[in-house]
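Input: a single structure, listed below in structure tokens.
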Amino acid sequence: MPAPVTTIAALSAHEGQLVTLRGWLYNSAGKGKILFIQLRDGSGIVQCVCNKAELGDELFEALKHLGQESSLIVEGTVRADTRSKLGFELHVSTARIVTPATGYPITPKEHGPAFLHDHRHLWVRSRRQAAILRVRHLAVQAIRNYFDGHGFTLFDAPIFTPNACEGTSTLFETDYFGRPAYLSQSGQLYGEAGAFALGKVYVFGPTFRAEKSGTRRHLTEFWMVEPEIAWAELEEIMDLAEDFLVECTGHVVEHGRGALQELERDISILENVRKPFPRMSYDDACKILAEIGHPVDPEDDFGSPHETELTKRYDRPIMVHRYPTAVKAFYMKEDPANPVRALGVDVLAPEGYGEIIGGGEREDRIDVLLRKIDEHKLPMSSFEWYLDLRRYGSVPHGGFGLGLERFVTWMCGIPHIRETVPFPRTIDRLTP
RNA sequence: UCCAAAGUAGCUCAAUGGUAGAGCAUCCGGCUGUUAACCGGAAUGUUGUAGGUUCGAGUCCUACCUUUGGAGCCA
């Protein structure tokens, strides 16, 4: 009678018992008549001890010559052992080789990023990559939990869109039965329609940007969550962004401690993400930058080196609000107290991670909106449906967009965004 | 799009303008406590592509391709 199947993550509950594990050979080390196999099953890695005298010559020799990532099923006794990182190891009584593998390209030694990304379909098997993808999963879970638990309704926006949402970014054009269609660069305008229908909604889906940005903070395809709330003004949007980030960070830390430790993340920095986040106007941020020796032209948006210098001064995310209207999207509401400033807010993550959230209050007055569409030289006909939202019972409203991968990059404390998605799409990478 | 750097064995990298090298991976052998094991042996090359300079080019020059980092733009 075969021993019951379990997983490596659940091994501690089976100490002293005979169990079956199914997995892949992560690494092995022969020592004559004893063989150590590091078995990976997706839930963890455990050392399996094989003894020649107990397994017999034929099986022992077969296991000894098994290449990295060969799949196998092992049956053995779970034993506590202080020499194992896991605290347990499996003393193998028998094994079955499912599919032997030879020449697995990703070895335990170092590799360059181009090679690893060419083998992304295999690279995701490695400990570090698996840990990052677990953090991503927890981040998505936290985001859904937060909005679902705060009265928001999921409101899906289309991915094929007839025109630019903002008119600024470059879009991916596709052939839609003979006419052009564009991959969505934001679900926000549709989210606004949802907010006037359902009160509080969130759009959560993939977003596409054809900008030729080849930096460690950019993907051409990424996931964005965009809450949108009727009756909300800028202060309420900032309160929401703050509460949301505290909750999501807390969820990742609470449930992802093991993964974060695998990534050698300094968890104390994430535990520091508590209210209140420092809030400052763009003009005040410019003053601070000037004081610390990084002056900026206040009518121009500051760049990413300035952003980094600013965030270095704080131990938690900061919120910069009221940017110059001229550099912001047409739909952003002008500050009635100072029309050259817009009621927008960026949330900048600490440790140099920078902008993870952009949002604010939307222009709710149709006459101003008509003027802004004209000023931005956008095709009025494309926005007729959007203008209808102002024609039929417009109210103050707003929201923000969080870049999922940027949030995950920060949670993991890793240098590059491309490792936070299973198959990254960047300016020069479309495969695998 | 702009600026900078780099392309040599399956991988990571060496090689003063003068015979193409090492470690790892692979294959063979040895070892009863390894953790990126160790020891011995074997095999591994159109030096990104196309031109050019030179007696001679991996090395110098030009163009192109690819990759990496950064800027702008953004989440």
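Because only heavy atoms are used, hydrogens play no part in the values below, and waters and symmetry mates are left out as well, while side chains stay in. Chain A is the first sequence line, chain B the second, and so forth, proteins listed ahead of strands; every chain is numbered from 1.
- With a 3.5 Å ceiling on both atom-pair distances, the Watson-Crick or G-U wobble partner of B/G51 is B/C61.
- By the 5.5 Å and 30° criteria, A/Phe36 is not stacked with the base of B/G33.
- With B/C31, B/C73, B/U67 as the candidates, the nucleotide lying closest to the side chain of A/His218 is B/C73.
- Taking CD1 of A/Ile97 as the reference point, atom CD1 of A/Ile73 lies at 11.0 Å (rounded to 0.5 Å).
- Atom CG of A/Leu35 and atom P of B/U32 are 12 Å apart (whole Å).
- Rounded to an integer number of Å, the gap from CG of A/Leu55 to P of B/U32 is 15 Å.
- Nearest to the side chain of A/His416, among B/G72, B/G69, B/A75, sits B/G69.
- Residue A/Arg216 places no side-chain N or O under 4.0 Å from the OP1 or OP2 atom of B/A71.
- A straight line from CG of A/Leu348 to P of B/A75 spans 12 Å, rounded to a whole angstrom.
- If you check B/G69, B/A75, B/A71 against the side chain of A/Thr215, the one that comes closest is B/A71.
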**Q.** side-chain contact (heavy atoms from CB on, under 4.5 Å) evaluation trace for A/Arg40 with A/Arg127
**A.** CA-CA 9 Å; A/Arg40 176 184 72 75; A/Arg127 290 171 185 243; over 6 Å; no
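- Atoms CZ and CE, on A/Phe330 and A/Met332 in that order, are 11.0 Å from each other to the nearest 0.5 Å.
- Between the CG atom of A/Leu59 and the CZ atom of A/Arg96 there is a distance of 12.0 Å, given to the nearest 0.5 Å.
- Comparing B/G33, B/U1, B/A71 by their closest approach to the side chain of A/Pro305 singles out B/A71.
- At a cut-off of 3.5 angstrom, counting only N and O atoms as typed in the model, there is no donor on one side facing an acceptor on the other between the side-chain of A/His111 and the base of B/C11.
- Contacts of A/His117 with the nucleic acid, taken as non-hydrogen atoms under 4.0 Å apart, are absent.
- Atoms CD (A/Glu211) and P (B/U1) sit 14 Å apart, rounded to a whole Å.
- Closest to the side chain of A/Gln38, from the set B/A75, B/U34, B/C31, is B/U34.
- Counted by atom type alone, A/Glu54 and A/His91 present one or more donor-acceptor pairs between their side chains at under 3.5 Å.
- Between B/G33, B/A75, B/U68, one nucleotide has an atom nearer to the side chain of A/Leu219 than all others, and that is B/A75.
- When the P atom of B/U26 is taken as reference, atom CG of A/Leu25 falls 10 Å away, rounded to whole Å.
- Contact between the side-chain N/O atoms of A/Lys31 and the OP1/OP2 oxygens of B/G33 is found at a separation under 4.0 Å.
- Within the nucleic acid shown, A/Gln47 comes within 4.0 Å of at least one base atom, counting heavy atoms only.
- In this model, a side-chain donor or acceptor of A/Ser213 finds a partner on the base of B/C73 within 3.5 Å.
- In this structure, A/Asn27 atom CG and B/U26 atom C1' are separated by 14 Å, rounded to whole Å.
- Across all strands shown, A/Glu226 has no heavy atoms under 4.0 Å from either base or sugar-phosphate atoms.
- The nearest whole Å value for the distance from the OH atom in A/Tyr202 to the P atom in B/A75 is 21 Å.
- Rounding to whole angstrom units, CZ of residue A/Arg418 and P of B/G70 are separated by 9 Å.
- For A/His65, the side-chain atoms get nearest to B/G29 when compared with the rest of B/C11, B/G29, B/A37.
- If you run side-chain contact (heavy atoms from CB on, under 4.5 Å) between A/Ser43 and each of A/Asp41, A/Ile45, A/Val46, only A/Asp41 comes through.
- Nearest-nucleotide assignment on RNA chain B puts the 5′-proximal partner with A/His91, out of A/His91 and A/Asp346.
- Minimum atom distance to the side chain of A/Asp428 is reached by B/U67, of the listed B/U67, B/C74, B/A36.
- Taking 4.0 angstrom as the limit, A/Arg217 places none of its side-chain polar atoms (N or O) nearer than this to OP1 or OP2 of B/G69.
- Counting non-hydrogen atoms under 4.0 angstrom, A/Thr102 reaches the backbone sugars and phosphates but no base.
- Nucleotides B/G58 and B/U49, compared at atom C1', are 15 Å apart to the nearest Å.
- Atom-to-atom distance recorded for A/Thr215:OG1 and A/Arg418:CZ is 10.5 Å, nearest 0.5 angstrom.
- No engagement by A/Gly354 is indicated, since no non-hydrogen atom pair under 4.0 Å with the nucleic acid exists.
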